[in-house]
Amino acid sequence: MFRPLRIGFFGGTFDPVHEGHLEVGHKAVTALQLDQLIFLPCRRSPHKTTAPGAPDAERLQLLRLATAGHPHFRVDPYELERPPPSYTWETIRNLKPRYPAGTRFYLLIGLDQWEALPRWTHPERLAEDVEFIVVGRNGTPATRDHYRAHFLKGNHPASASAIRNDLKTGQPPTWLPHSVLDFIQKKGLYSR
């Protein structure tokens, strides 16, 4: 029996990508039987007041290193290649035609973003196009009318801000794939 293709999108600054991102990605692939999970690095989140700590090209390379060898993961520089700002609903609508008719689309987000979703630009349009995969450490996500959502428990302790702080202060960072840490050290990223 034919099963429609299942494509997930996972957006963020990934500044830097860490083992927590990879773990929730694997959980989403397994739980929803995704054929692919597309990591979409953005230039700058419209929900954050500061720019990423590493340049776009380096964050893209870090993602490629971190996802190498994971057959269900792919990295797409779509948002890095267009002028800012990028809005998730527009990105998804522009990427959907790349896939066959009948493909099911998913968006992987954290519980914090699920709760902030009403403040996103056109969340109702996004809800027309995707099923949400919401991963949270604590708390019970509230359901929303007209939003299809799947809730997964995630409790990885990695924090990109803590990793950046460790790198800046010269502390050995945790939760980074070896290839990512090697590249960060080689390029001197996050040391200032």
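Source: prediction; values computed, not measured.
Here the two rings, on His122 and Tyr87, have centers that are 6.0 Å apart or farther.
Under the 3.5 Å distance criterion, with hydrogens and angles disregarded, a donor-acceptor pair is assigned to the side chains of His150 and Glu131.
Applying the side-chain hydrogen bond (donor to acceptor under 3.5 Å, both in side chains) definition to pairs two or more places apart or across chains, none involves residues 163-188.
Both Phe10 and Phe73 belong to a common hydrophobic cluster when Ile, Leu, Val, Met, Phe, Trp and Tyr are linked at side-chain heavy-atom distances under 4.5 angstrom. Val134 and Tyr106 fall into different hydrophobic clusters, where Ile, Leu, Val, Met, Phe, Trp and Tyr are joined by side-chain heavy atoms under 4.5 Å apart, directly or via other members. In the hydrophobic cluster analysis, where Ile, Leu, Val, Met, Phe, Trp and Tyr join through side-chain heavy atoms closer than 4.5 angstrom, Tyr99 is grouped apart from Leu34. Note on Leu152: it clusters hydrophobically with Val24, by side-chain heavy-atom contacts below 4.5 Å among ILVMFWY residues. If you chain together hydrophobic residues whose side chains sit under 4.5 Å apart, Ile163 and Val17 fall into the same group.
Arg104 places no side-chain N or O within 3.5 Å of a backbone atom of Arg6 that could act as its donor or acceptor partner. No side-chain donor-acceptor contact under 3.5 Å links His26 to the backbone of Glu23. Judged purely by atom type and a 3.5 angstrom limit, Arg125 has no side-chain atom pairing as donor or acceptor with the backbone of Glu90. Side chain of Thr30 to main chain of Lys27: no donor-acceptor pair is present (N/O by atom type, distance under 3.5 Å, no hydrogens or angles). Panel note: side chain Arg148, backbone Ala127; a donor-acceptor pair is recorded below 3.5 Å. Formation of a donor-acceptor pair under 3.5 Å by the His18 side chain with backbone atoms of Leu176 is not found in this model.
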- Message: Show, in sequence, the C-alpha distance, side-chain angles and deciding distance for Trp89 and Asp129, and conclude whether the side chain to side chain contact (heavy atoms under 4.5 Å, CB included) test is met.
- Response: CA-CA 8 Å; Trp89 75 270; Asp129 293 335; 6.0 Å; no
- Message: Run Val180 and Phe183 through side chain to side chain contact (heavy atoms under 4.5 Å, CB included) and show every step you take.
- Response: CA-CA 5 Å; Val180 168; Phe183 186 84; 5.9 Å; no
- Task: Check the pair Arg98, Asp76 against side chain to side chain contact (heavy atoms under 4.5 Å, CB included), reporting the backbone distance first and the verdict last.
- Result: CA-CA 12 Å; Arg98 295 182 180 180; Asp76 190 323; 2.5 Å; yes
- Message: Go through it in stages, so that I can follow the logic: the residues are Leu117 and Phe132, the test is side chain to side chain contact (heavy atoms under 4.5 Å, CB included), and I'd like the CA-CA distance, side-chain angles, deciding distance and then a yes or no.
- Response: CA-CA 11 Å; Leu117 200 58; Phe132 294 88; 3.7 Å; yes
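By the salt bridge (charged side-chain N to carboxylate O under 4.0 Å, His left out) test, Arg144 is found to be paired with no residue, residues two or more places apart in sequence or in another chain being considered.
Ring geometry, Phe39 versus Phe14: the interplanar angle falls from 30° to 60°, so the pair is classed tilted.
Taking both residues in full, the closest heavy atoms of Ala54 and Asp15 are given as N-OD1, 3.3 Å, listed atom of the first, atom of the second, then distance.
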